[in-house]
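These notes concern the structure reproduced below.
As the structure is a computational prediction, the values presented were derived from the model and not from experiment.
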Amino acid sequence: VQLQASGGGLVQAGGSLRLSCAASGFTLSYTTGWFRQAPGKEREFVAAIRWSGGSTTYADSVKGRFTISRDNAKNTVYLQMNSLKPEDTAVYYCAAVISRPGIFVRLADTGIYDYWGQGTQVTVSS
């Protein structure tokens, strides 16, 4: 099982970026989450999307600016980030958790995720 995150870069405040998380090796349905970690801070939840039904959930700090989506045929999840702010600067990670009872109320918890990608740097300049 592998997760490959890409799409990070340097952008000015107010700009946009789209991150991708390509998955391979999964044989069961899974939920994908995006997290981020700024220097000196803990890793924090950004957004998640369920495999079944495609329902989404977002951190309050990104609601209305970020959109998570997926293309099941490509096994890829996207994070469209608009109206970026300097405080969005972080390494962004995608993660996946195999669907099972009880996880959907805990999608912001890093501890439930089974697999993690390598991270992609997003830098927003002011």
Side-chain angles (χ1 to χ4, degrees):
V1 171
Q2 269 194 321
L3 296 173
Q4 182 74 34
S6 62
L10 173 63
V11 64
Q12 288 189 331
S16 298
L17 281 174
R18 189 178 79 156
L19 306 184
S20 299
C21 177
S24 61
F26 285 92
T27 58
L28 300 173
S29 63
Y30 58 94
T31 292
T32 304
W34 283 99
F35 291 78
R36 65 187 182 186
Q37 188 166 20
K41 295 188 176 182
E42 292 189 353
R43 192 168 297 188
E44 65 173 3
F45 173 76
V46 176
I49 185 166
R50 293 174 58 165
W51 177 269
S52 176
S55 63
T56 58
T57 185
Y58 297 91
D60 288 343
S61 59
V62 306
K63 278 181 183 176
R65 300 188 299 122
F66 290 12
T67 302
I68 189 170
S69 62
R70 71 169 195 273
D71 183 335
N72 287 347
K74 295 182 179 179
N75 286 325
T76 300
V77 170
Y78 304 98
L79 185 68
Q80 178 67 44
M81 305 186 296
N82 299 329
S83 302
L84 282 162
K85 305 175 182 179
E87 52 263 44
D88 294 318
T89 295
V91 177
Y92 283 70
Y93 299 89
C94 62
V97 53
I98 302 300
S99 298
R100 52 186 179 265
I103 68 162
F104 298 120
V105 295
R106 298 178 56 201
L107 292 178
D109 181 356
T110 59
I112 70 163
Y113 287 83
D114 301 306
Y115 305 100
W116 289 85
Q118 84 288 2
T120 184
Q121 176 71 47
V122 171
T123 302
V124 184
S125 63
S126 57

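Residue pairs meeting the salt bridge (charged side-chain N to carboxylate O under 4.0 Å, His left out) criterion with at least one member in residues 47-61, sequence neighbours excluded: Asp60-Lys63.
Following chains of ILVMFWY side-chain contacts shorter than 4.5 Å, one cannot reach Val97 starting from Val77, and the two form parts of different hydrophobic clusters. Cluster annotation: Ile68 is connected to Leu84 through the hydrophobic network of ILVMFWY side chains, with a link wherever side-chain heavy atoms come within less than 4.5 Å. Tyr113 and Tyr30 fall into different hydrophobic clusters, defined by Ile, Leu, Val, Met, Phe, Trp and Tyr side-chain heavy atoms under 4.5 Å apart, directly or through other members.
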If you look only at distance, which donor and acceptor atoms sit under 3.5 Å apart when one is on a side chain in residues 14-25 and the other is two or more places apart or in another chain?
from  : atom 1 : to    : atom 2 : distance (Å)
Ser16 : OG     : Asn82 : OD1    : 2.9

Margin query: Is there a side chain to side chain contact (heavy atoms under 4.5 Å, CB included) between Trp116 and Leu3? Walk through the geometry before answering.
Written below: CA-CA 6 Å; Trp116 289 85; Leu3 296 173; 5.5 Å; no
Next item on the list: Walk me through it: do Phe35 and Phe45 pass the test ring-ring contact (aromatic ring centres under 6.0 Å, His included)?
Entry: CA-CA 4 Å; Phe35 291 78; Phe45 173 76; 5.6 Å; yes
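Under the ring pair (Phe, Tyr, Trp, His ring centres under 6.0 Å) criterion, Tyr115 pairs with Phe26, not counting sequence neighbours. Arg43 meets the salt bridge (charged side-chain N to carboxylate O under 4.0 Å, His left out) test with no other residue; sequence neighbours excluded. Every salt bridge (charged side-chain N to carboxylate O under 4.0 Å, His left out) that Glu44 has, sequence neighbours left out, goes to Arg36. Residues forming a salt bridge (charged side-chain N to carboxylate O under 4.0 Å, His left out) with Asp71 (at least two apart in sequence, or on another chain): none.
Proximity of Thr32 to Trp51: side-chain heavy atoms (C-beta onward) are nowhere separated by under 4.5 Å. Thr67 places none of its side-chain heavy atoms less than 4.5 Å from the side chain of Leu79. Between Tyr92 and Met81 the shortest side-chain heavy-atom distance falls below 4.5 Å. Leu107 places a side-chain heavy atom less than 4.5 Å from the side chain of Thr31. Proximity of Thr120 to Val91: side-chain heavy atoms (C-beta onward) are nowhere separated by under 4.5 Å. Residues Thr123 and Val11 have side chains not in contact (no heavy-atom distance under 4.5 Å, counting atoms from C-beta outward). Val46 has its side chain within reach of Phe66: a pair of non-hydrogen atoms, C-beta onward, lies under 4.5 Å apart. Using a 4.5 Å heavy-atom threshold, the side chains of Thr57 and Phe104 count as separate.
Judged by distance alone, with hydrogens and angles left aside, the side-chain atoms of Thr56 form no donor-acceptor pair with the main-chain N or O of Ala48 at under 3.5 Å. No side-chain donor-acceptor contact under 3.5 Å links Ser61 to the backbone of Ala59. A donor-acceptor contact shorter than 3.5 Å links the side chain of Arg100 to the backbone of Ile98. Between the side chain of Gln118 and the backbone N or O of Ala5, at least one donor-acceptor pair lies under 3.5 Å. Without hydrogens or angle criteria, Asp88 side chain to Lys85 main chain gives a donor-acceptor distance under 3.5 Å.
Closest heavy-atom contact between Ala47 and Tyr58: CB-CD2, 3.6 Å. Scanning both residues, Ser126 and Ala13, for their nearest heavy atoms gives CA-CB, 4.3 Å.
If you take CZ on Arg65 and CD on Gln80, they are separated by 12.0 Å, rounding to the nearest 0.5 Å.
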